[in-house]
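The block underneath contains the structure these notes are about, expressed in structure tokens.
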Amino acid sequence: FEYVILHEFTHGLGFLTGWSQWTSIGEIVALAPSTQSNFLAPLPSANLSSPTSKVTSWLPLNIFDKYLVDTSTSKSLLNYSSVITSYAPSSQTLQSFLTNFQTTSQYAAAQSVYQIAQTGVRFVSNGLAIHLQGGAYVAGTSIMHLDANDYVASVDFLMIASADKLKGLSLDGLFKRTGLNITGAYGPLTLAVMQALGWPSVTRDVRVSLTLMPSDVTSGVVDGLFGSQLFLIIFSSKTK
């Protein structure tokens, strides 16, 4: 339970790709049943539940995607995004856009990203090249988790792709199996990703002491993030 909460919490902080396999979205499949599954692209900016909704632009990728690199060529996936989004929606209806995009020259770039996602993508930042989950593409899993084979037995187990490999172990049990990690559930590579996403962290063992002084404030909250330890202290003091 603790593992799942921390894992999903970390996705919520931005450990998440904006590359989309359109056939994984029910509304798109309903509007354009002929949509192929062998490409990845940003999503169109439109009301996906309305076939007559006008597509005005492409939705931006996430900050996470800024650091994704093709393992075999060291080429940033943002290069492919630039090509794909050069196809102008021109206020087409959503239904027309979904169908027409697959007939354009830009569609080939989207197919390339799909292939790259299976052959190997790395998160590259500050000299680190972190392997992300590859293999047969699975929406919601591929390129937004650490590679399970590489990191399941390491201190960076938290963001691997498959919790099945961790069954039967509590979070404390996982700590014992992988050895001492002073930043808790966040291994050094996971922390490096979070740092790149804009979440600074303290990477040494920190113990916090707090002395409350009398004040005119009757109650308050002190919060912070030290390493992977999110803490919340609720306090009260009497008014002078």
Side-chain angles (χ1 to χ4, degrees), residues 4 7-8 10-12 14-73 75-123 131-149 159-164:
V4 173
H7 179 99
E8 298 304 333
T10 305
H11 280 314
F15 202 114
L16 194 70
T17 184
W19 288 103
S20 175
Q21 185 184 40
W22 291 2
T23 51
S24 68
I25 300 172
E27 292 90 342
I28 288 180
V29 174
L31 292 178
S34 62
T35 299
Q36 300 298 305
S37 62
N38 63 341
F39 73 94
L40 295 177
L43 285 170
S45 179
N47 179 359
L48 296 184
S49 63
S50 172
T52 59
S53 173
K54 298 291 186 180
V55 180
T56 57
S57 62
W58 295 84
L59 291 178
L61 292 173
N62 298 337
I63 188 172
F64 181 84
D65 300 306
K66 173 182 176 182
Y67 301 96
L68 301 191
V69 171
D70 179 353
T71 297
S72 62
T73 65
K75 183 177 180 180
S76 171
L77 297 195
L78 292 183
N79 292 332
Y80 295 93
S81 175
S82 296
V83 173
I84 293 166
T85 57
S86 69
Y87 174 62
S90 302
S91 294
Q92 297 179 69
T93 65
L94 177 60
Q95 196 163 40
S96 295
F97 177 85
L98 295 174
T99 302
N100 293 340
F101 172 69
Q102 295 172 78
T103 66
T104 68
S105 59
Q106 290 89 342
Y107 178 61
Q111 290 179 304
S112 294
V113 177
Y114 179 79
Q115 294 300 322
I116 293 166
Q118 297 177 86
T119 57
V121 174
R122 295 183 182 185
F123 186 102
H131 297 176
L132 300 179
Q133 185 65 32
Y137 187 83
V138 178
T141 297
S142 299
I143 68 171
M144 54 182 280
H145 292 86
L146 300 188
D147 185 270
N149 292 329
M159 297 308 294
I160 66 167
S162 176
D164 289 343

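Any value given below was found using the heavy atoms of this structure, including those in side chains, with hydrogens, waters and symmetry copies removed.
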Who pairs with [X] by side chain to side chain donor-acceptor pair (under 3.5 Å), at least two apart in sequence or on another chain?
X	answer
Thr119	none
Asn62	none
Ser96	Thr93
Ser86	Gln106

Listed partners of [X] passing ring-ring contact (aromatic ring centres under 6.0 Å, His included), at least two apart:
X	result
Tyr67	Phe123
Tyr114	Tyr137
His7	Tyr3, His11, His145
Trp19	none

Nearest heavy-atom neighbours spanning [X] and [Y]:
X	Y	answer
Asp147	Gln133	CA-OE1, 3.4 Å
Val55	Pro89	O-CB, 3.2 Å
Trp22	Pro44	CZ2-CD, 4.0 Å
Pro42	Leu59	CB-O, 3.5 Å
Gln102	Phe39	OE1-CE2, 4.0 Å

Only distances under 3.5 Å count here; give the side-chain donor-acceptor pairs of residues 25-35 to other protein atoms, sequence neighbours excluded, each with its distance to 0.1 Å.
| residue | atom | partner | partner atom | Å |
| --- | --- | --- | --- | --- |
| Thr35 | OG1 | Ala32 | O | 2.7 |

Results of side chain to side chain contact (heavy atoms under 4.5 Å, CB included) for Thr73 - residues two or more places apart only | Asp70, Lys75
Partner set under side chain to side chain contact (heavy atoms under 4.5 Å, CB included) for Ser76, not counting sequence neighbours = Leu78, Asn79
Qualifying side chain to side chain donor-acceptor pair (under 3.5 Å) pairs, either residue in residues 42-55, two or more places apart |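 The answer is Asn47-Ser49, Ser50-Thr52.
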Mutual orientation of the aromatic rings belonging to Tyr87 and Trp58 [parallel < 30°, tilted 30-60°, perpendicular > 60°] | perpendicular
